[in-house]
Amino acid sequence: MRAPLEESDDRIPHDRHRAGILEHGSVKLLTDSGVNGRVLSEGHRHDGIDLRFDGRSHRIDFQDLVGESVWLYPQNEVFVDLAAARERDGGDVRYGVRDTEVLDVTTDTSKIRVTEADGTEIEIHCRILVGADGSQSICRKAIPADVRTDHFIEYPFAWFGILTEAPPSAPELIYARSEYGFALISQRSETVQRMYFQCDPAEDASSWSEERIWDELQRRVDGLDGLELKRGRIFEQMVLPFRSYVCEPMRHGNLFLAGDAGHTVPPTGAKGLNLALADVRVLFRALDSFFSTGSGALLDAYSDTALQRVWKAQNFSYWMTSMLHTRSDATSFERRRALGELAAVTGSRYGRQYLAEAYTGGPDN
Ligand SMILES: Cc1cc2nc3c(=O)[nH]c(=O)nc-3n(C[C@H](O)[C@H](O)[C@H](O)COP(=O)(O)OP(=O)(O)OC[C@H]3O[C@@H](n4cnc5c(N)ncnc54)[C@H](O)[C@@H]3O)c2cc1C
């Protein structure tokens, strides 16, 4: 048996500059399913976020508004926990496969072919095939174009993301809208921080000096309260274009899509990984029912059930994105209206409550 995965293991996707925020339902799923409790011992509970505009921060207090929290726990750590749980439970996981092909998903002989890391070609026959292969999914392409609807929009901006060796600049996430565009001040640990600012999708990340990056981030959070970012060495900088996408239906024959294979959201609402875990929860119940009772009713309902949550999360992510970002061609009316929207949301308990409920995961958990 292979050694348990460590943070330095090359099977872990370290290049992923990704999720950090887990809804309370995602945390419960990880702990209830026995993956392990590291998220509770090593993750950081966040009871709110700050919305910052006009140079002032407005706290959205999740505990006060909806009695819930989220956890800051990087996606790499979730991956380590899931992989370790599969190894512990004797699961057969093949890392580093290539040339994946998905075949005959509407027949009794559904199969997947891959070339393993050592060059061996294998074919696996399966009763149920779960396509959880991310936003570039090849499984999705096994759903014929005349059966599938691709709902898709692209945004005219991207995120410039950095990882820096510095202490946290704030205890919770700050979502800032400024006249220069959006910035997100996020955290990763006591010594490493993650931050983003809105940029042009064609921006060349490597052409930016550290000083220029820090000055750009700082001017987007400047305000009368003197908020000052704690600067440090930047050891990763990249541009992340984003889009909203939903594949409908998420099931075709014996093939079931889950996670980014079926839908992607812009990262502003921190929903992507949470949606992937929510799909898995719905699919697990359906598979459990199918294999224990022989009833396919929940499998038949899978796509509709999953999509109900997906579309709510799409709405939330789209809303947060449009409220906080500034299009380069925005008129003065549009810029002022957006500030009016932020003032309306933060100035009303109902407004703050909607945001808190949607951000922490809502009643669907
Ligand atoms: C900047 C950024 C910030 C984000 N922040 C958050 C956040 O705070 N909260 C949140 O919930 N989400 C966040 N997300 C989104 C989140 O990272 C994704 O939604 C999540 O990774 C989706 O998980 P997945 O398992 O569906 O896909 P992935 O994580 O992409 O995993 C797909 C897997 O399939 C494998 N694979 C792909 N193709 C093949 C193939 N042909 N054959 C075999 N294997 C294959 C890949 O190697 C990979 O292991 C963020 C994303 C970005 C870009």
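When a ligand or atom number is given, it counts from 1 through the structure's own listing order. The figures here come from the full heavy-atom set of this structure, side chains too, leaving out hydrogens, waters and symmetry mates. Since this is a predicted model, take the numbers as computed values, not measurements.
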Tyr196 near ligand 1 by a heavy-atom separation under 4.0 Å: yes

Heavy-atom nearest option to atom 15 (C) of ligand 1, drawn from Pro266, Pro267, Gly272: Gly272

Interfacing atoms of ligand 1 (cut-off 4.0 Å, heavy-atom, Gly259): 26 (O)

Polar contact flag for Ser135 and ligand 1 (N/O pairs, less than 3.5 Å): no

Check: Glu23 main-chain N/O paired with Asn274 side-chain donor or acceptor under 3.5 Å: yes

Whether Tyr155 and Tyr318 hold their rings parallel, tilted or perpendicular, with breakpoints at 30° and 60°: tilted

Ligand 1 N/O within reach of Trp159 N/O, cut-off under 3.5 Å: no

Between CZ on residue Arg251 and OG on residue Ser303, distance to nearest 0.5 Å: 9.0 Å

Arg349/Asp64 salt bridge by N-O under 4.0 Å criterion: yes

Qualifying residue for ring-ring contact (aromatic ring centres under 6.0 Å, His included) with His325, from Tyr180, Tyr196, Phe157: Phe157

Distance-only N or O hit between ligand 1 and Val97, under 3.5 Å: no

Proximal ligand 1 atoms for Thr100, defined as those under 4.0 Å from one of its heavy atoms: 40 (C), 41 (N), 42 (N), 43 (C)

Any Gly161 heavy atom less than 4.0 Å to ligand 1: no

Atom pair CZ/CE of Arg188 and Met195 - distance to nearest 0.5 Å: 13.5 Å

Phe182 ring center within less than 6.0 Å of Phe197 ring center: no

Min N/O separation Ala270 to ligand 1 under 3.5 Å: yes

Under 3.5 Å: N/O of Leu240 near N/O of ligand 1: no

Selected option - heavy-atom contact closest to atom 26 (O) of ligand 1, from Asp260, Leu72, Thr115, Leu22: Asp260

